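Throughout, a chain's letter reflects where its sequence line sits, starting with A, and its residues are numbered from 1. What you see is a predicted model, and the numbers here were worked out from it, not measured in a lab.
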Amino acid sequence: MEYKAVKGTRDFLPLQMQKRNYIFDTITSVYKSHGFLQIETPAMENLSTLMGKYGEEGDKLLFKILDSGMFLRSEKFSSFEQEINQSRINKAASMICEKGLRYDLTVPFARFVVNHQNDIVFPFKRYQIQPVWRADKPQKGRYREFYQCDADIIGSNSLMNEVELLEIISEVFNRLRLNVTIKLNNRKILAAIASIIGHEDKITEITVAIDKLDKIGLNGVEQELSQDGFTNDDIASLRPILQIKGSNEEKISTLKTFVSTNEQGVKGLEELQYVLDKCKTVGIDNVEFDITLARGLNYYTGAIVEVKADDVAMGSITGGGRYDNLTGIFGLKDVSGVGISFGADRIYDCLEELDLFPEDIKTATNVLFINFGEKESEKCLELAKNLRSANISCEVYPDSSKMQKQMKYANNRNIPFVCLLGENEISNNTIVIKNMLSGEQTTINQHELCQYFK
RNA sequence: GUAUCUGUAGUUCAGCGGUUAGAGCACCGGAUUGUGGUUCCGGUUGUCGUGAGUUCGAAUCUCACCAGGUACCCCA
């Protein structure tokens, strides 16, 4: 086939849209039940807004948009060529691209909050369901265009917000009937660990290495750390952290002694303890303190959270955390926010794999009127109008084709009821209703039709 | 960036050196002019990813290129 959708992007068929909307509707209704307000932001942002917020890897994965028109003045061409020749792609790109597609919804939201600070009420609780784009190589559970479903609370330091977001996560996955584990950590603890072994500047290296613990094991992590310039002494002092085990309480008590001399670490542990305690009061029992959880995004400063499906091999399906300084970058200081993001496409893949989509979401039309000809279908139009005003979706088959074809249409469209109204029925004011699931049919009076479907 | 697998009908795939390249599904028609989903019969569908090489002979073997998937990295 010659013309295809761009690699990593997809068309969605009607059935897929019905399933996707089931996910979006579930998340939206939970968000609304907590009083979150919806916003949208543009697909593209200035690169100055996006660059430098996601870490080195993130910058590489930004889709950049070529400036329109005379994008490169001839006098600049030689310096552009020079940058290209030296493989300084970002520098070269900045000369011909000023815009890029958004990489997530959080950074544009921070820009939004700064721009509209006088028009919104703080603490501001917003939700946003839109696509984001990443120039990644696609594979299972990884797309170049995918939907994030974000909820953030900005303008409040309270840890109640963390708890509310965890409640939302729990509620959404309950409603979707998907078993998950919520992994929780705190950047302050990670920063304290880095500080205690004397490598404050290497938080990223430490977190990335710790994050790989379950993948490459203790030896692998230690090897990686020594490649990153950590001495054997550093690694030895880190070992109790790398080998931490047990329940949430046991892990916390191990850490308490480890970070007791570090103010930030103590604070992080207190925050973590508070959130875990409150989770217990609201009945969330699948939260796990996971010291290996790091998250690549630069802007997180406090709680960080990630959700994994228990019964499917899939990357994280929800992520989030607290960011104390994100709006500061755009010129609004001392506004802290915390947010989460559901990855709708990965959740879709999980539900599909476990066959957890409800059957009834396939039904778009409840009743099909079989078309027997001009006179008969005219009567059907009348009855269809009545059904619709009673809020029952229905349609009249447009051609008086063979019955087999019309019935097949109802079957393929998952229409649960078919109405037959032919010559006989017209003459005695009746109508035949066939249940497509059971195959049973009944004959009723035409004026009883609305009542029948109520 | 690294590794690995796969490109054959609308689709899922079989054929893996030897006549004119097949099957299921889908689609169309019929058995059945007022009954779908189950059954039976018939029909349509191809630059075998592209190019070169090996060979008497290539969908099949080799190489290059193009396209797609998967794993690592990272992430939702």
For nucleotides rA26(B) and rA67(B), find the distance between their P atoms and express it as a whole number of Å. 34 Å
So what does Ile347(A) touch, heavy atoms closer than 4.0 Å: a base, only the sugar-phosphate, or nothing? nothing
Of all the nucleotides listed (rG36(B), rG30(B), rC74(B)), which has the minimum atom distance to the side chain of Gln404(A)? rG36(B)
Does a salt bridge link Lys379(A) with Glu425(A), judged by any charged N lying under 4.0 Å from a carboxylate O? no
Pairwise distance OG1(Thr327(A)) to CG(Asn115(A)) - rounded to 0.5 angstrom: 11.5 Å
Length of the OH-P vector between Tyr54(A) and rC73(B), whole Å: 23 Å
Rounded distance (Å) that lies between atom P of rC27(B) and atom NZ of Lys402(A): 14 Å
Base, sugar-phosphate, or nothing: which does Leu420(A) touch, judged by heavy atoms less than 4.0 Å apart? base
Across all strands shown, which nucleotide pairs with rC63(B) by Watson-Crick or G-U wobble geometry, both distances under 3.5 Å? rG51(B)
Nearest-angstrom distance from the residue atom NZ of Lys140(A) to P of rC75(B): 20 Å
Classify Gly58(A) by what it touches in the nucleic acid, base, sugar-phosphate, or nothing, heavy-atom distance under 4.0 Å. nothing
Give me the distance, rounded to whole Å, that separates rC66(B) from rC73(B) when you measure between the C1' atoms they each carry. 26 Å
What's the separation between atom CG in Asp311(A) and atom CG in Asn179(A), rounded to the nearest 0.5 Å? 5.0 Å
With a 3.5 Å limit on both atom pairs, tell me what rC40(B) is paired to, counting Watson-Crick and G-U wobble, or say none. rG30(B)
Distance check, C1' atoms only: rC74(B) and rC27(B), in whole angstrom units. 44 Å
Over all strands shown, is Lys434(A) touching base, sugar-phosphate only, or nothing at heavy-atom distances under 4.0 angstrom? base
Is any side-chain N of the basic residue among Glu271(A) and Arg322(A) closer than 4.0 Å to the acidic one's carboxylate O? no
Taking only side-chain nitrogens and oxygens of Gln139(A), does any of them come within less than 4.0 Å of OP1 or OP2 of rG69(B)? no
Answer with base, sugar-phosphate or nothing: what part of the nucleic acid does Lys137(A) contact at a heavy-atom distance below 4.0 Å? base
Take atom CZ of Phe417(A) and atom P of rG36(B), then tell me their distance rounded to the nearest Å. 19 Å
Under 4.0 Å, heavy atoms only, any strand: does Asp104(A) hit a base, just the sugar-phosphate, or nothing? nothing
Using a 4.0 Å heavy-atom cut-off, does Gln441(A) contact any base of the nucleic acid, only the sugar-phosphate backbone, or nothing at all? base
For Leu13(A) and rG10(B), what is the distance between atoms CG and P respectively, to the nearest whole Å? 18 Å
Nearest whole angstrom, please: distance from the P of rG1(B) to the CG of Asp59(A). 17 Å
Quick check for you: among rU70(B), rC74(B), rC28(B), whose closest atom lies nearest to any side-chain atom of Lys405(A)? rC28(B)
What does Glu425(A) touch in the nucleic acid at a heavy-atom separation under 4.0 angstrom: a base, only the sugar-phosphate, or nothing? base
